Amino acid sequence: MDKVMALCKRRGFIFPGSELYGGLNGTFDYGPLGVALKRNIMEAWWSLFHTKKRQLGVVALDSGVLMARRVWEKSGHLANFADPMSDCVKCKKRTRADHLIERLDNTIACGTFEQTVQAAAALQAQGRWQCPYCDHSPLGAPRLFNLLFPTKLGPLSSEETFFRPETAQGVYVNMPNLFSARGAVKLPVGVAQMGKAFRNEINPSHFVFRTREFEQMELQWFCEKQDEDKWHAFWVEECLKFVCSPEFCNLDPTKVRVRHHAKADLAHYASACADLEYCFPFGWGELCGVANRGDWDLKAHNVLHAVFKDQQVSCIEPSMGASRLMLAMLCDAMGQEEDHLVLRLGKNMCPTQLAIMPVVNNKPEVLAKTAQVYDSLAQALISPRDLEHLELDLSSGSIGKKYAKHDEIGTLMCMTVDSDTCIDGSVSVRKRDSGERVRIRVDGVRSLDDVMIAAAR
Ligand code: ATP
């Protein structure tokens with residue numbers, strides 16, 4: 001993790017939030033490469049869960065981060081969206097109680113609040129219920145802390161509401177807007193949404209794994225109740241495909257597992273849930289949850305009948321955090337070459353697929369030719385996304401140092417321009433994963449895939 005964090009800062013993927021003013025716990029800012037990587041993740045999710053599923057009935061929504069307080073009352077978040085925490089009697093720091101119990105003894109059940117209180121009492125009796133931050137001071141009994149972020153609206157600040165802790169509620173409250181024109185809606189249908197979510201986490205931890213502000217990617221899939229198990233299994237498979245397939249996030253499948261929740265572990269709205277977990281350097285952690293929310297939310301907002309009439313409906317929800325997925329991908333892709341790190345990100349995820357550079361910096365004709373090769377390639381590329389994955393690198397330093405830098409940021413291929421390019425138009429392409437260099441011609445290239453194909457010959 002230390003290596004991942006250092007690389008993220010050094011190369012401009014992720015910076016600590018408000019660093020200039022000493023930092024703000026649980027917040028991070030994304031630099032140029034982080035923006036590109038996060039965008040690749042979110043666009044890939046959108047293509048698999050929205051665009052390619054439109055023929056199944058998935059539509060798009062972008063609802064507000066701010067919604068009426070009543071939304072959170074009705075959804076149950078005001079009453080139930082809480083985690084157990086314990087205060088240190090000495091340093092006053094607060095600890096997420098169930099996480100501490102899991103660390104101390106992972107055989108003790110602490111799915112419900114009552115179980116957490118009992119487990120803490122048992123550990124206290126053994127003298128083990130102690131503050132993890134200061135020197136073995138006793139911890140208080142667990143109590144519930146609501147994770148909603150309160151905020152006040154308008155110049156008089158008279159109306160209080162909350163930043164959304166999940167994008168899903170925006171879908172439920174918009175169901176009559178999305179579907180009312182069509183009469184009783186034929187099942188199944190889905191609504192896909194990506195956007196910011198906010199949780200006042202007790203202990204933000206493990207870099208961007210648990211933050212107070214993060215990007216969620218969620219699908220609400222409404223199906224006939226009798227088909228709920230079939231669709232639940234279908235969306236678990238789609239999530240697995242998304243995180244493991246080389247076309248998408250390319251995580252090592254042996255480091256990904258599916259964990260089905262025990263009834264006691266379920267969120268207040270769920271009747272079943274399967275998590276996809278990744279083996280992070282700090283242990284297994286949730287990447288994504290696929291919950292069966294039944295008709296809980298539709299009934300809570302009283303929209304079930306208006307939209308689905310008398311049909312028996314269940315809502316299956318695959319929900320992922322983009323930054324958690326990014327952390328898993330960075331951990332998974334990181335490797336060590338002789339003297340430098342290398343990020344072996346999947347082809348569609350790397351911020352730069354092709355970097356064009358001169359072999360030396362002190363020959364004006366080579367520099368001019370490099371800019372010319374870049375310009376003609378940029379003009380020839382048909383897809384705008386390809387253009388975003390193309391970079392002109394005129395930075396100083398030896399070619400070896402540049403290759404090492406591009407390995408570290410995951411650049412798939414480096415195209416080097418030299419004196420021969422000035423004579424016959426050929427360039428050298430170095431591949432990140434093999435280090436192999438091949439000579440190719442760039443005339444006729446219309447996509448970055450064409451470059452890869454030419455370099456593979
Ligand atoms: P955890 O048990 O880790 O707190 P959760 O079960 O509360 O997570 P969900 O409510 O299922 O999480 O949220 C769906 C997804 O949103 C998670 O699988 C995760 O990828 C992401 N997510 C949730 N909380 C955070 C957070 N604080 N920081 C970053 N991503 C998060």
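Both counts, for ligands and for their atoms, begin at 1 and track the order of listing. Not measured: the values here are computed from a predicted model.
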[atom]: nearest protein contact (heavy atom, Å):
atom: atom 8 (O) of ligand 1; result: E286 OE1, 3.6 Å
atom: atom 19 (C) of ligand 1; result: R324 NH1, 3.5 Å
atom: atom 16 (O) of ligand 1; result: Q216 NE2, 3.4 Å
atom: atom 28 (N) of ligand 1; result: T211 N, 3.0 Å
atom: atom 29 (C) of ligand 1; result: F209 O, 3.2 Å
atom: atom 14 (C) of ligand 1; result: S319 OG, 3.0 Å
atom: atom 4 (O) of ligand 1; result: R210 NH1, 2.7 Å

State whether the shortest distance between N or O atoms of S323 and N or O atoms of ligand 1 falls below 3.5 angstrom.
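No; every N/O pair is 3.5 Å or more apart.
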Below 3.5 angstrom, do we get any N/O pair linking F214 and ligand 1?
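It does not: no N or O of F214 is found under 3.5 Å from an N or O of ligand 1.
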[X] vs [Y] side-chain heavy atoms within contact, under 4.5 Å:
X: N250; Y: M329; value: no
X: W129; Y: L104; value: yes
X: M452; Y: K347; value: yes
X: K225; Y: D295; value: no

One thing to verify: whether E159 and K152 come together as a salt bridge, which I'm taking to mean a side-chain N less than 4.0 angstrom from a carboxylate O.
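No salt bridge links K152 with E159.
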Angle class for the F149/F198 ring planes (parallel below 30°, perpendicular above 60°, tilted otherwise)?
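Ring orientation, 0 to 90° scale: perpendicular.
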How are the rings of F207 and F28 set relative to one another: parallel (under 30°), tilted (30 to 60°) or perpendicular (over 60°)?
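Aromatic pair F207/F28 classed perpendicular.
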Who's closest to atom 9 (P) of ligand 1 heavy-atom-wise, of H99, E166, E277, R199?
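Nearest heavy atom to atom 9 (P) of ligand 1 lies in R199.
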Under 4.0 Å from any heavy atom of C288, which atoms of ligand 1 are there?
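Here the atoms of ligand 1 in question are 18 (O).
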Which atoms of ligand 1 have any heavy atom of G289 under 4.0 Å away?
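By the 4.0 Å cutoff, the relevant atoms are 18 (O).
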L287, portion touching ligand 1 at heavy-atom distance under 4.0 Å:
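Contact part for L287 vs ligand 1: backbone (N, CA, C, O).
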Geometric cation-pi criterion R430 and Y403, 6.0 Å radius, 45° cone
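Yes, R430 sits over the ring of Y403.
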Residue from V243, L325, L48 passing side-chain contact (heavy atoms from CB on, under 4.5 Å) with F248:
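Running side-chain contact (heavy atoms from CB on, under 4.5 Å) over V243, L325, L48 with F248 returns exactly one hit, L48.
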